[in-house]
Amino acid sequence: MKCSWSYSLEPDRTDYADLRNSSAGTWHLDVEAAAYDGDFYTLDSSAKVKVKRYAKLATTQATPEPVVKGRTLTVTGALTRADWNTNTYTGFAAQKVALQFRKSGASTYTTVKTVTTDSAGKLRTTTMANASGTWRWHFAGTGTTGSATAAGDGVALK
């Protein structure tokens with residue numbers, strides 16, 4: 001017999017965990033199974049579970065659109081993460097975020113450069129426009145914060 005169970009951790013203090021920012025990290029899961037006949041089984045420290053704060057990347061904005069081939073394109077965005085102390089999303093400062101590009105007709109993105117968020121979690125960089133395609137931001141995550149990928153912004157060449 002196989003049993004499964006899931007538990008959602010809510011940052012709004014409506015669950016047992018009452019999450020705080022310091023709660024992010026490795027948790028040790030203890031399991032107890034109880035049968036209808038009153039018998040039970042306990043497995044202490046059965047698994048390590050990574051609990052991470054949720055990250056979001058604002059939609060990528062590339063300007064100007066369309067752009068002349070070989071001209072400069074400005075790409076912006078913002079990285080935020082769940083603040084479990086205030087139940088809000090706040091800018092995630094000093095984080096490395098990849099600017100990625102997918103050429104029109106291609107199926108995969110390539111990292112063009114890495115940009116560091118400012119003190120408010122904002123991203124801004126310039127790059128050369130050499131082909132039509134889609135630009136997006138990708139954050140790989142940290143030990144206590146999950147990864148995130150922004151929606152892309154398609155840019156055509158004039």
Side-chain angles (χ1 to χ4, degrees), residues 1-63 73-103 105-127 133-155:
M1 171 188 252
K2 180 179 177 181
C3 297
S4 64
W5 175 75
S6 65
Y7 182 75
S8 296
L9 297 171
E10 302 298 332
D12 62 2
R13 297 187 182 97
T14 60
D15 62 32
Y16 175 76
D18 192 20
L19 294 175
R20 310 299 291 158
N21 290 341
S22 60
S23 300
T26 302
W27 289 18
H28 298 274
L29 178 66
D30 295 333
V31 178
E32 181 174 283
Y36 284 118
D37 65 3
D39 195 10
F40 66 93
Y41 180 77
T42 301
L43 183 60
D44 295 328
S45 297
S46 60
K48 291 181 181 179
V49 178
K50 287 295 254 181
V51 175
K52 294 185 176 189
R53 292 163 64 182
Y54 188 78
K56 294 193 296 188
L57 271 165
T59 301
T60 307
Q61 182 59 51
T63 56
L73 190 65
T74 300
V75 186
T76 60
L79 176 64
T80 59
R81 70 173 169 170
D83 185 328
W84 293 341
N85 294 341
T86 62
N87 298 317
T88 60
Y89 283 91
T90 57
F92 197 8
Q95 298 303 305
K96 295 194 179 303
V97 180
L99 176 63
Q100 298 180 328
F101 179 70
R102 182 183 71 204
K103 193 173 184 176
S107 60
T108 59
Y109 281 87
T110 301
T111 297
V112 174
K113 63 168 66 174
T114 301
V115 178
T116 302
T117 58
D118 69 12
S119 61
K122 299 210 184 295
L123 293 155
R124 180 181 182 87
T125 192
T126 58
T127 189
T134 304
W135 295 90
R136 75 175 186 187
W137 295 104
H138 175 73
F139 174 61
T142 69
T144 58
T145 302
S147 63
T149 303
D153 186 13
V155 176

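None of these values were measured; they are calculated from a predicted model. When a residue number appears, it is its place in the shown sequence, counting from 1.
Partners of T149 under the side-chain hydrogen bond (donor to acceptor under 3.5 Å, both in side chains) rule, at least two apart in sequence or in another chain, are H138.
Here the side chains of K50 and T26 are in contact, with some heavy-atom distance below 4.5 Å. Considering only heavy atoms from C-beta on, T127 stays 4.5 Å or farther from F101 through its side chain. Considering only heavy atoms from C-beta on, T60 comes within 4.5 Å of V75 through its side chain. Side-chain contact between H28 and K48 is present, with heavy atoms from C-beta onward closer than 4.5 Å.
How far OG1 of T142 is from CZ of R53: 8.5 Å, rounded to the nearest 0.5 Å. Rounded to the nearest 0.5 angstrom, T90 OG1 and L79 CG are separated by 9.5 Å. Going from atom NZ of K56 over to atom OG1 of T80 covers 5.0 Å, rounded to the nearest 0.5 Å.
Smallest separation of non-hydrogen atoms from W84 and A24: CZ3-N, 3.7 Å. Nearest heavy atoms, T76 versus W137: O-NE1, 3.0 Å. Residue A148 comes nearest to A55 through the heavy atom pair CB-O, 3.6 Å, listed as atom of the first residue, atom of the second, then distance. Residues N21 and A82 share a closest heavy-atom pair of OD1-O, 4.2 Å. For the residue pair A62 and V155, the shortest heavy atom distance occurs at CB-CG2, 3.6 Å. When all heavy atoms are compared, the tightest approach of A150 to A58 is CB-O, 3.3 Å.
Under a 3.5 Å cut-off, the side chain of R136 and the backbone N or O of Q100 do not form any donor-acceptor pair. N85 places no side-chain N or O within 3.5 Å of a backbone atom of R20 that could act as its donor or acceptor partner.
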Show me, pair by pair, the donor-acceptor contacts under 3.5 angstrom made by side chains of residues 112-123, not counting sequence neighbours?
unit_1	atom_1	unit_2	atom_2	d
K113	NZ	T125	OG1	3.0
K113	NZ	T126	O	2.5
T117	OG1	F92	O	2.7
T117	OG1	A94	N	2.9
T117	OG1	Q95	N	2.9
D118	OD1	A120	N	2.8
D118	OD1	G121	N	3.1
D118	OD1	K122	N	2.9

